[in-house]
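Computed from heavy atoms alone, side chains included, the values below leave out hydrogens, waters and symmetry copies.
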Amino acid sequence: MAPSSPLPPAPPPPPPSGRPRRLHLFDLDGTLIHGSSAAVEISRQLGLDEEIHALELAFAAGGMTPPDFASRACALWSELTEEHVDAAFAGAPWLTGIGEVWEAIRERGDHCAVISLSPDFFVGRLLLAAPPSPGGRSGRGADATHGSRWPAVPFREPLDPDGILSAAAKVRIADELCAKFGVSRSDCVAYGDSMSDAELFGAVPLSVAVNADRHLEGLASLDYRGSDLREAYGLVGTGR
């Protein structure tokens with residue numbers, strides 16, 4: 001007898017009566033990764049801490065565009081391998097409770113996504129699984145992830161500047177995700193920490209500044225300082 005086909009995953013439960021679904025949009029660098037970024041963690045694996053620090057300072061000061069930063073980082077990472085990326089992902093200082101928050105979001109019939117300017121070969125790992133909490137379990141990944149489009153690792157093709165995301169692109173991608181999940185901007189919650197999140201914070205009604213810098217002053221609905229995403233999510237509340 002032929003083996004039976006696996007059952008499709010069960011759809012998420014409907015939200016409580018009268019409450020539309022929410023879409024939670026998470027930044028990566030400085031937000032889900034506490035006090036660091038994908039670029040810093042990747043560079044650390046290659047022994048390029050000082051070089052990437054200089055690039056990040058220049059970018060934060062407005063001295064280069066996202067494509068400029070990506071082009072220079074790509075040149076730095078000429079020896080990058082998948083093993084380096086795996087180690088960078090596993091060793092990054094992730095906030096505690098990411099998997100638990102994403103499960104709580106889905107249990108309410110809502111959705112979670114990550115939108116980041118960082119390389120898609122790093123960001124995309126969050127689609128497969130949430131990073132484990134210290135001493136805890138990992139959990140399911142996000143419902144969707146979007147990062148800047150980079151060549152595959154190890155690099156054999158040139159970087160296409162048109163594939164690098166910007167602050168404005170985060171709003172465009174948020175609109176695409178709204179269409180995908182059947183919600184509107186008014187149903188979105190954004191979590192971020194820096195100038196790359198400013199336009200998205202201005203486009204949605206509810207936002208959480210997570211260990212944010214001065215670029216989000218006065219823009220966020222809520223402010224969180226700490227290392228546990230469960231606490232930041234708790235500020236949002238479960239009502240509507």
Side-chain angles (χ1 to χ4, degrees), residues 25-60 64-96 98-99 101-102 112-134 138 141-142 144-155 159-161 163-167 169-170 173 190-198 200 210-213 215 227 229 232:
L25 302 166
F26 295 90
D27 174 53
L28 175 70
D29 300 327
T31 303
L32 295 179
I33 299 180
H34 187 207
S36 188
S37 66
V40 167
E41 298 305 315
I42 290 169
S43 297
R44 182 169 293 135
Q45 297 300 319
L46 295 165
L48 298 169
D49 302 62
E50 292 184 6
E51 291 84 348
I52 202 65
H53 179 64
L55 281 185
E56 292 226 319
L57 284 178
F59 180 71
M64 62 179 69
T65 66
D68 292 336
F69 179 93
S71 177
R72 294 178 65 176
C74 189
L76 278 180
W77 300 341
S78 60
E79 303 300 319
L80 187 65
T81 67
E82 285 287 346
E83 289 73 20
H84 290 129
V85 181
D86 289 341
F89 188 89
W94 298 100
L95 290 186
T96 300
I98 295 174
V101 167
W102 289 353
C112 55
V114 180
I115 310 175
S116 171
L117 274 60
S118 282
D120 53 2
F121 60 73
F122 189 97
V123 182
R125 281 166 163 74
L126 291 171
L127 190 63
L128 304 175
S133 295
S138 171
T145 62
H146 286 265
S148 291
R149 189 174 67 251
W150 277 57
V153 176
F155 303 144
L159 179 79
D160 180 2
I164 306 304
L165 300 183
S166 64
K170 284 193 170 189
I173 292 169
Y191 303 74
D193 76 302
S194 66
M195 61 182 175
S196 69
D197 305 299
L200 183 58
V210 179
N211 300 311
D213 62 25
H215 294 96
S227 58
L229 188 62

| note | Rounding to 0.5 Å, atoms CG (Asp213) and OG (Ser194) come to a distance of 5.5 Å
| query | How far does CG of Leu28 sit from CG of Leu117, to the nearest 0.5 angstrom? | reply | 10.0 Å
| said: Can you tell whether the side chains of Arg44 and Asp49 come within less than 4.0 Å, N to carboxylate O? | reply: yes
| message | Is there a side chain to side chain contact (heavy atoms under 4.5 Å, CB included) between Asp193 and His215? Walk through the geometry before answering. | response | CA-CA 8 Å; Asp193 76 302; His215 294 96; over 6 Å; no
| note | So the side-chain hydrogen bond (donor to acceptor under 3.5 Å, both in side chains) pairs with at least one residue in residues 66-78 (sequence neighbours excluded) are Ser43-Trp77, Thr65-Asp68
| query | When rounded to the nearest 0.5 angstrom, what distance separates OG in Ser37 from CG in Leu32? | reply | 12.5 Å
| To the nearest 0.5 Å, how far apart are CZ in Phe26 and CG in Asp197? | 12.0 Å
| Value rounded to 0.5 Å, distance of CG in Leu127 from NE2 in His146 | 9.0 Å
| said: I need the minimum non-hydrogen distance between Gly124 and Thr145, along with the two atoms involved. | reply: CA-OG1, 3.7 Å
| said: Check this for me: Glu82, atom CD, are more than 12 non-hydrogen atoms of other residues, nucleotides or ligands nearer than 6.0 Å? | reply: yes
| field | Listed once per pair and sorted, the salt bridge (charged side-chain N to carboxylate O under 4.0 Å, His left out) pairs that draw on residues 26-35, sequence neighbours left out | value | Asp27-Lys170
| note | Heavy-atom closest pair (Ala87 atom, Gln45 atom, distance to 0.1 Å) is CB-OE1, 3.4 Å
| request: Nearest 0.5 Å please: distance from the CD1 atom of Ile52 over to the CD1 atom of Ile42. | output: 8.5 Å
| said: If I compare all heavy atoms of Leu159 with all of Arg149, which pair ends up nearest, and what's the gap? | reply: CD1-O, 4.2 Å
| field | Qualifying residues under ring pair (Phe, Tyr, Trp, His ring centres under 6.0 Å), relative to Phe69, sequence neighbours excluded | value | Phe59
| query | Any side-chain heavy atom of Thr96 sitting closer than 4.5 Å to one from His34? | reply | no
| task | Compare all side-chain heavy atoms of Trp102 with those of Leu126 and state whether any distance is below 4.5 angstrom. | result | yes
| What about Trp150 and Phe155, are their ring centers closer than 6.0 Å? | yes
| field | Side chains of Phe122 and Ile33 in contact at under 4.5 Å (non-hydrogen atoms) | value | yes
| task | Please report the closest heavy-atom contact between Ala130 and Gly99, naming both atoms and the distance. | result | CB-CA, 3.6 Å
| request: Of all the heavy-atom pairs spanning Ala73 and Leu55, show the shortest one and how long it is. | output: N-CD1, 4.0 Å
| task | Kindly indicate whether the side chain of Pro93, heavy atoms from C-beta on, has any atom under 4.5 Å from the side chain of Ser36. | result | yes
| Considering all heavy atoms, the nearest Leu80-His84 contact | CD1-CB, 3.5 Å
